[in-house]
Amino acid sequence: MSEPLVLKSPRLLLRQLQLGDAAAIAAYRSLPEVARYQSWESFGPDDAAQLIADQAGVVPDTPGTWLQLALVLSATGAVIGDCGIHFRGDDSRQVELGITLAPAHQHRGLAAEALGVVLEYIFGTLGKHRASAVTDAENHAVNRLLRRLGFRQEAHYVENIWFKGQWGSEYLFALLRREWEAQLGRLR
């Protein structure tokens, strides 16, 4: 088995989920404002324990798997969110990303910091070609975040998904490695 994946940013440690994370994950994922744009209606301690158990054998960069990383505040050790990386089975050169952050820690640049280190990992370390994200069109905060990180909106799917009792619309965002590298060059 490979070494557990650990990524570091100035304020965060991103690592694979651990048994002790269940209570924190359930606490923020159970909030209605978090669940609103996610696939679950409710998320309790048993759901968190199952998520962690399902992740126990996931090896990073295995095609067809989702890898969930805990977002941990370096200063306190508190788990404040999670980030998913889908290593696509149909094309191993591409990944899909998702992020969930506890509301108490939003609007501080932490989601951008977490995704920034994930982009460094997938493009800089793994050499992936393309990262994408599918978002709810009504999730304005994450849509702004992805644009700020340099993702382009490639599609607007209008009422394409039956979601929580109504038709929902989604955006598809994507970023190529060469676009990410060009952004880094402008920042240096």
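All values derive from a computational prediction rather than experimental measurement.
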Joint cluster assignment, Tyr28 & Leu115, ILVMFWY side-chain distance < 4.5 Å: no
Donor-acceptor contacts under 3.5 Å from residues 64-73 side chains, at least two apart:
from  : atom 1 : to    : atom 2 : distance (Å)
Thr65 : OG1    : Thr62 : O      : 2.6
Gln68 : NE2    : Asp82 : OD2    : 2.8

Heavy-atom donor-acceptor pair, Lys164 side chain to Gln38 backbone, under 3.5 Å: yes
Steps toward salt bridge (charged side-chain N to carboxylate O under 4.0 Å, His left out) verdict (Asp136, Arg36): CA-CA 10 Å; Asp136 188 304; Arg36 177 179 178 192; over 6 Å; no
Any donor-acceptor pair under 3.5 Å from Arg29 side chain to Val34 backbone: no
Point-to-point distance, once rounded to the nearest 0.5 Å, from OG1 of Thr135 to CZ of Arg144: 11.5 Å
Leu149 side, atom CG; Gln183 side, atom CD - distance, nearest 0.5 Å: 7.5 Å
Option from Val79, Leu7, Leu5 for which side chain to side chain contact (heavy atoms under 4.5 Å, CB included) with Arg15 holds: Val79
Residues, nucleotides or ligands: over 12 heavy atoms within 6.0 Å of Arg93 CZ: no
Distance (rounded to the nearest 0.5 Å) between Ile122 CD1 and Leu175 CG: 8.0 Å
Shared hydrophobic cluster for Leu19 and Leu17 (ILVMFWY, side-chain gaps under 4.5 Å): yes
Stepwise side-chain contact (heavy atoms from CB on, under 4.5 Å) check, Val117 with Leu12: CA-CA 9 Å; Val117 75; Leu12 296 170; over 6 Å; no
Shortest non-hydrogen separation from Pro4 to Gln16 and the atoms involved: CA-OE1, 3.2 Å
Minimum heavy-atom distance between Ser92 and Lys128, given as atom pair plus value: O-NZ, 2.6 Å
Under 3.5 Å donor-acceptor, Glu96 side chain and Arg88 backbone: no
Same apolar cluster: Leu51 and Leu31, side chain cutoff 4.5 Å: yes
Single hit among Glu181, Gln94, His129 for side chain to side chain contact (heavy atoms under 4.5 Å, CB included) with Leu176: His129
Rounded distance [0.5 Å steps], CD in Glu154 versus CZ in Arg130: 4.5 Å
Parallel, tilted or perpendicular: ring planes of Tyr171 versus Phe173, cut at 30 and 60 degrees: perpendicular
Partner of Phe151 by side chain to side chain contact (heavy atoms under 4.5 Å, CB included), out of Leu145, Leu119, Leu172: Leu119
Atom of Ala49, atom of Ala22 and distance for their closest heavy-atom approach: N-CB, 4.3 Å
Nearest atoms (heavy-atom pairs only) where Ala114 meets Leu14: O-CD2, 3.9 Å
Asp46 atom CG: more than 12 heavy-atom contacts under 6.0 Å: no
Distance-only polar pair, side chains of Asp54 and Gln50, donor-acceptor under 3.5 Å: yes
Value rounded to 0.5 Å, distance of OG in Ser42 from CG in Asp47: 6.0 Å
Exercise: identify the closest heavy-atom pair between Phe163 and Tyr37: CZ-C, 4.1 Å
Single-linkage hydrophobic cluster, 4.5 Å side-chain cutoff, Ile161 and Val134 together: no
Other residues, nucleotides, ligands: >12 heavy atoms within 6.0 Å of Arg178 CZ: no
Taking every non-hydrogen atom, the tightest pair across Ser169 and Asn160: CA-OD1, 3.9 Å
Whether Glu170 side chain and Tyr157 backbone form a donor-acceptor pair below 3.5 Å: no
Gap separating the CZ atom of Phe87 from the CG atom of Leu126, nearest 0.5 angstrom: 6.0 Å
Shared hydrophobic cluster for Leu101 and Ile25 (ILVMFWY, side-chain gaps under 4.5 Å): no
